[in-house]
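Please read the structure below before turning to the comments.
So you know, we letter chains A, B, ... as the sequences are listed, proteins then strands, and number each from 1. Being a predicted model, the structure only gives us computed values, none of them experimental.
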Protein chains: 2
Amino acid sequence: MAYKRNVILRAAEQLIADEGLHNLSMQKLATTAQVAAGTIYRYFTDKEALISELRKDVLKNVAEFVFSGFTQESVEAQFTHLWFNFLKLGSNRNSNQLNYQQYSQLPGIESDEHRAFEQNTFEPLLTMFKQGQQQGLITDLEDEYLFSIGFEPAIALGHRISEGHLEYNDSELLVVCKRCWSAISTSFSDS
Amino acid sequence: MAYKRNVILRAAEQLIADEGLHNLSMQKLATTAQVAAGTIYRYFTDKEALISELRKDVLKNVAEFVFSGFTQESVEAQFTHLWFNFLKLGSNRNSNQLNYQQYSQLPGIESDEHRAFEQNTFEPLLTMFKQGQQQGLITDLEDEYLFSIGFEPAIALGHRISEGHLEYNDSELLVVCKRCWSAISTSFSDS
DNA sequence: GATAATTAAATGAACGTTCATTCATTTTAT
DNA sequence: ATAAAATGAATGAACGTTCATTTAATTATC
């Protein structure tokens with residue numbers, strides 16, 4: 001039964017979301033997952049491996065969320081769609097799920113193996129950038145710059161909303177989204 | 001001698017930067033700070049208080065860094081100056097200092113007391129926004145939006161550079177900075 | 001100015017607790 | 001009847017914290 005593996009991962013996600021990684025103990029995890037402590041070690045060799053597996057698992061879910069409803073519309077429509085998904089990734093998810101901020105602080109996230117997996121997962125995004133550039137819509141900057149200018153504001157705003165420091169306002173956020181799009185597009189004076 | 005207090009805080013900062021908060025133990029901290037374990041408790045009531053104090057201390061240093069060289073130039077020049085400081089905050093600092101990412105994940109950062117301190121510390125930034133709006137240069141959006149669009153890309157890029165995933169390129173980054181400025185300014189079609 | 005008395009700072013061994021992990025045993029599924 | 005899955009008490013290491021004691025600095029006395 002690999003389903004217990006998932007039960008344990010979900011419990012770990014919940015506990016980290018609630019109390020932070022530095023308060024995660026294996027016994028607490030066992031209790032939360034309604035499993036004996038020893039059972040965890042049937043599915044994960046040790047705590048470090050558990051966290052490593054959780055990282056991959058969460059990334060999979062995050063990517064699924066970000067690319068949900070992603071279709072072949074116009075590039076700008078694709079951008080807007082992704083932008084609000086990145087925003088909701090922080091603001092909208094269940095409280096027992098890790099948000100992007102929490103995900104990005106899991107240790108081992110900088111390993112080569114993980115970065116390769118991440119790169120592969122977010123490929124559709126790079127495809128969109130390339131498509132936009134071929135159509136002369138998006139400025140000719142490296143992907144890292146385009147992502148930072150275009151989507152980091154959405155991630156940050158999602159975090160602010162989830163922490164209760166900002167209220168979700170659809171029309172205002174649409175204005176912000178459009179400004180992010182303009183900031184990576186060729187529509188303004190391109191030097 | 002309050003200087004030992006500082007020695008302990010710097011050692012804590014270094015350890016967290018190196019190994020993460022979840023690996024910080026008081027005995028390791030004592031060893032790193034070249035101090036007996038008991039000495040720590042002369043300056044901090046417990047571990048939680050230590051981290052809380054570290055948070056304030058780091059914020060002070062971060063603010064000092066961000067606003068270093070901040071003068072009353074044109075608003076756009078002020079923006080550019082701050083933008084590169086935010087960038088360098090992640091990319092340029094000594095490896096024994098916490099970067100913005102690490103700072104922002106210290107627990108207790110969401111407390112009211114801390115938020116008030118943070119708000120006060122970053123007031124010059126809000127002043128700049130207001131000034132820009134009065135001069136008709138910056139669009140009429142709330143500060144949270146302006147900050148996210150304008151500066152979050154710089155913070156994120158700084159982080160990427162510090163992790164070695166991106167090389168520092170002055171001329172490219174200046175282009176990116178200008179695009180961030182444009183994204184919050186009224187210079188393009190303001191609907 | 002030297003010596004004694006007092007206060008403050010620093011120490012690190014010891015404490016009780018919690019931690020991650022193991023494994024002999026029991027329960028469940030085949 | 002056999003194998004796989006799950007258990008949870010036991011273990012030793014590591015944890016945060018305490019405190020009796022030592023060391024250093026400051027003040028008082030002559």
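Nearest nucleotide to the side chain of A:Asp46, out of C:dT21, D:dG16, D:dT7: C:dT21. Of the candidate nucleotides D:dA6, D:dT7, D:dT17, D:dT7 has the atom nearest to the side chain of A:Val35. Considering only side-chain atoms of B:Ser25, the nucleotide from C:dT21, D:dG16, D:dG8 that sits closest is D:dG16. Distance from the side chain of A:Thr39 is smallest to D:dT7 among C:dA9, C:dT21, D:dT7. In the set D:dA6, C:dA20, D:dG8, the nucleotide with an atom closest to the side chain of A:Tyr41 is C:dA20.
Rounded to an integer number of Å, the gap from CG of B:Leu29 to C1' of C:dG12 is 15 Å. Spacing between atom CD of A:Gln34 and atom P of D:dT7 amounts to 10 Å, rounded to whole angstrom units. Regarding B:Ile40, its CD1 atom lies at a distance of 12 Å from the P atom of D:dC15, rounded to whole Å. A:Lys47 places its NZ atom 14 Å from the P atom of C:dT22, with the value rounded to the nearest Å. Atom CD1 in B:Ile8 sits roughly 14 Å away from atom P in D:dG16 (whole-Å rounding). If you measure from atom NZ of B:Lys28 to atom P of D:dA13, you get 17 Å, rounded to the nearest angstrom. Following rounding to the nearest Å, B:Arg42 (CZ) and C:dT7 (P) show an atom-to-atom distance of 15 Å. Distance, A:His22 NE2 to D:dG16 P: 12 Å, rounded to whole Å.
Remark: the B:Gln27 side chain and the D:dA14 base include no donor-acceptor N/O pair separated by less than 3.5 Å.
Electrostatic pairing of A:Lys56 and A:Glu113 counts as a salt bridge here, judged by a charged N lying under 4.0 Å from a carboxylate O. A salt bridge does not link B:Arg160 to B:Glu163: none of the charged side-chain nitrogens sits closer than 4.0 Å to a carboxylate oxygen. The residues B:Lys130 and B:Asp143 are annotated as not salt-bridged, no charged nitrogen and carboxylate oxygen being separated by less than 4.0 angstrom.
Note: A:Phe147 and A:Phe86 meet the aromatic proximity criterion, with ring centroids under 6.0 Å apart.
Counting any heavy atom pair closer than 4.0 Å across all strands shown, B:Leu24 reaches sugar-phosphate atoms only and no base atom.
Between A:Lys4 and D:dA6 there is a side-chain polar atom (N or O) within less than 4.0 angstrom of OP1 or OP2.
Between A:Thr139 and A:Tyr145, the closest side-chain pair of non-hydrogen atoms is not below 4.5 Å.
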